[in-house]
Each structure stands twice: as C-alpha cells, then as structure tokens.
Amino acid sequence: MPPGSRKVAITGVALADCGRVDGTTPYALHAQAARRALADAGLDRALVDGLASAGTGTLAPAEIAEYLGLRPTWVDSTSVGGSTWEVMAAHAADAIAAGHANAVLLVYGSTARADIKEGRRTGTLSFGARGPLQFEVPYGHTLIAKYAMAARRHMIEHGTTIEQLAQVAVQARANAALNPEAMFRDPITVDDVLSGPMIADPFTKLHCCIRSDGGAAVLLVAEEYVRDCRTAPVWVLGTGEFVSHVSMSEWPDFTVSPAAVSGRLAFERAGVRPEEIELAEIYDAFTYMTLVTLEDLGFCGKGEGGSFVEKGRLTVEGGDLPVNTDGGGLSAQHPGMRGLFLLVEAVRQLRGEAGARQVVRRDGSAPELAVASGTGGWFCSSGTVVLGRY
C-alpha cells in the first residue's frame, strides 16, 4: 500500500477510574486505562508500536512506555494543554497513514484532585514566570482571569449575557444526569449558577470546570488491523491544529478562539460541513469555551453563540446539536488535560454504546458524524478531529 494511503480507525477507547480516586498514582491510572482500551479493541499490546503521552513525569512518554512494558518505535510527547490529545491524534493518524506506525496508543492519567487533598500540590498550578509569562505573572493574571477577560469581551462586543453563559453549565449538567460515571449529576438552574460564589468576574463557581482524578486511553490502528478487532471502527476523517498566542497582548481578538482555524482545517480535510455533524465534544474548562468554540467551528455565526445555547440545543434529550454528552468538564470529570476524554465519548456515541445518554437519529440508529475539539492554555492552541462511522 503506498505511503500515506492507509485509512486510520479508532478501535479501542476506555476510561480509568474517574472522579474521587484516592490511594493510587497517575501511572496506575495510565495502566488501567491502557489495559481497558486494548481489551475494548480486542488487540494484544504486542501490536502497539506507537505511544503518545504527556503531563506526567520528566520524560513522558518514555516513563509511561516503561511502566506499561511497551517499546514503541514511534512516540509523541506534544504538550499543548487541553488540546494535546486532539493534536496527538492528528499526528498519530498521519504516522499510521504514512506507514511509520501501525497501532498508536494515546494514554493519560492524573490525580489532580487527590494531590490537592493530600497536600502534594496547591489548588493553583503555576505555569511559571519565565519567557513571555514574565510580563503577566507579576500582576496576578491567573489562567481563570484570562478566560474571564475573554468572556467579558464577548459580552461587550456581542451582547452575550451571563444567563446565556449559565445555560452552558445547566445543559452540561442535564447530560451528566444521564451518565452514571459523571461526578456531579444533580440538576442545576440558571439561578444556581448565577448565585454561586464569584471566582473571576463574570465567572461564578458553576461556570468553571470541576476538579477530579481520572484517566483515559484511545487506540488508533491502520485499516488492515480493523478486521482483527472486536469493535466496530470509528474512522478518523479529518484533523486540524493551530497555535494562536501565549501572551494575551498577542491575541488579536479575544472573541475568536484557535478552533476557528483547526476546525476549518479538520472539516475541509474530512470533506464534511459543520451542519452535517450530529454531536460535538468540546473542551469546557469554562462555559465561555463551549460558546465561543461553537461559533468558531461554524455551528452558528460569530456573536450568535449566546442565542444558540440558550435554546436548549446542547442536551442529549431534545437538543438538535448535543454537546458534551457525558456532562463535560463542567460536570462529568476534569482531571487536567481533558481532551482525550472528548475522543472517548465521541467514539462511544458513534458506536451506540453510550447508554442512557446515547444520541439517536430519527430512525433510532446511532449518529454517523461527530467532532471533538480541544483547547489548550488560555485559548492558546486548538486541535479538532472529525470522526465518522463510514
């Protein structure tokens, strides 16, 4: 088969234990997720010749490979925050298509919540104060403050209301109520969101993601391995990645996220249009991320995100574009770099394996097209992956 011509499928996905997971290590969560993903695919780990991992240790993914007993001939340790895993999936798909690898495992594990509980780290993880950050850190400009500034800019320019942003959290919780693995499942209202403690104006507590432990793994394989798998393949149709800025002063427009570029590239390469997508898994560390990413992926026009989300469109039950069907980082789990969880949920939905939260078409069948879009840093980077059953 000529280099670059192989199709690439995701055949194994899994979560490690998530939520409140005490008495374990990130390495153990990596191993648990990896074992479950390989079992899901029905493939032996000896076939894995590629590994992608980030966020743990000094020499990721070398340390993870050693812990898992793997000796990969292709590795990726790209680390661009929450978008890491969509970017890694793009790199893995390219490597497999080119014949540089046959089966690539993406794996992540984190004890972010347990580390704070046990005093191994504080609630605010510093990104350091060297390089470009030296011009912002002395003024106490935290990560959440940067997202809050961007949200306020959108509100000023486009009339987006705090109630519309709150709807993102309300609808994420409605989806989480259908997910037995979600960390928070009790319904919330717009008033609940607005009345919570202020974290960074305009964000109250429920505008912000939860903090959890957990892990996830995704296995990508070349098309010739699909017949040996126990699961139906979900094909990688198109990918895109983009890096926008690090310094807030270098961000041209606070109301445009890097998904505007990564999404366009992914859709073009997949040969599909946003209106054909049946569900979206979007990084949601904060409510504004969901709203602006919906705009930038082309599901609504710029400045129309507020009116789009306030109509209940994001819910599994009754929504015309279900978003973050597992409850997202706002309600299900958020153990740090959550982009890998987006891919797991998208694959489960396309396979029809999502249980009570399953998105169904009018004929009762599972959806055929989904998009996963991760965001890293403070809208610094984006990776978008279009997935399909055909």
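All values reported here derive from a predicted model rather than from experimental measurement.
- By the 4.0 Å N-to-carboxylate-O rule, Arg313 lies too far from Glu304 to be salt-bridged with it.
- A salt bridge between Lys205 and Asp192 is absent, with no side-chain N of the basic residue lying under 4.0 Å from a carboxylate O of the acidic one.
- Side-chain atoms of Gln167 and Glu163 form no donor-acceptor pair, as typed in the model, at a separation below 3.5 Å.
- Between Phe267 and Ile277, the closest side-chain pair of non-hydrogen atoms falls below 4.5 Å.
- Phe379 pairs in a ring-ring contact (aromatic ring centres under 6.0 Å, His included) with only one of the listed residues (Phe254, Tyr283, Tyr288, Phe286), which is Tyr288.
- No cation-pi contact links Arg211 to Phe184, judged by a cut-off of 6.0 Å to the six-membered ring centre and 45° from its axis.
- What you find for Leu369 and Gly388 is that their closest heavy atoms are CD2-CA, 4.1 Å.
- Side chains of Arg173 and Ser331: a donor on one and an acceptor on the other come within 3.5 Å.
- Residues Arg230 and Asp40 are paired through a salt bridge, judged by an N-O separation under 4.0 Å between the basic side chain and the carboxylate.
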Test Asp22 against Arg113 for salt bridge (Lys or Arg N to Asp or Glu O under 4.0 Å), laying out the working first.
-> CA-CA 9 Å; Asp22 296 311; Arg113 182 207 63 89; 2.5 Å; yes
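- For the pair Ser249 and Glu136, the tightest heavy-atom approach, listed with the atom from each and the gap, is N-OE2, 4.3 Å.
- Looking at His154 and Glu295, their side chains do bring a donor and an acceptor atom within 3.5 Å of each other.
- Looking at His334 and Phe341, their side chains never come closer than 4.5 Å, going by heavy atoms from C-beta outward.
- At a threshold of 4.5 Å between non-hydrogen side-chain atoms, the residues Thr111 and Thr25 do not count as touching.
- Annotation for Glu317: atom CD does not count as buried by contact number, only 12 or fewer foreign heavy atoms lying within 6.0 Å.
- Residue Asp296 comes nearest to Ser257 through the heavy atom pair OD2-N, 2.6 Å, listed as atom of the first residue, atom of the second, then distance.
- For Gln164 (side chain) and Thr161 (main-chain N/O), a donor-acceptor pair under 3.5 Å exists by modelled atom type.
- Side chains of Glu281 and Thr325: a donor-acceptor N/O pair is present below 3.5 angstrom, by distance only.
- A side-chain N or O of Thr287 and one of His207 form a donor-acceptor pair less than 3.5 Å apart.
- Taking 4.5 Å as the limit, every side-chain heavy atom of Asp326 sits out of range of all side-chain heavy atoms of Val344.
- Side-chain contact between Val236 and Ile10: present, with at least one pair of heavy atoms (C-beta onward) separated by less than 4.5 Å.
- Under the 3.5 Å distance criterion, with hydrogens and angles disregarded, no donor-acceptor pair is assigned to the side chains of Asp191 and Thr189.
- With a 6.0 Å radius and a threshold of 12 heavy atoms from other residues, nucleotides or ligands, Arg130 has its CZ atom at or below the threshold.
- Defined by atom type and a distance below 3.5 Å, a donor-acceptor pair is present between the side-chain atoms of Arg338 and Gln333.
- Closest heavy-atom contact between Thr384 and Glu86: N-CB, 4.1 Å.
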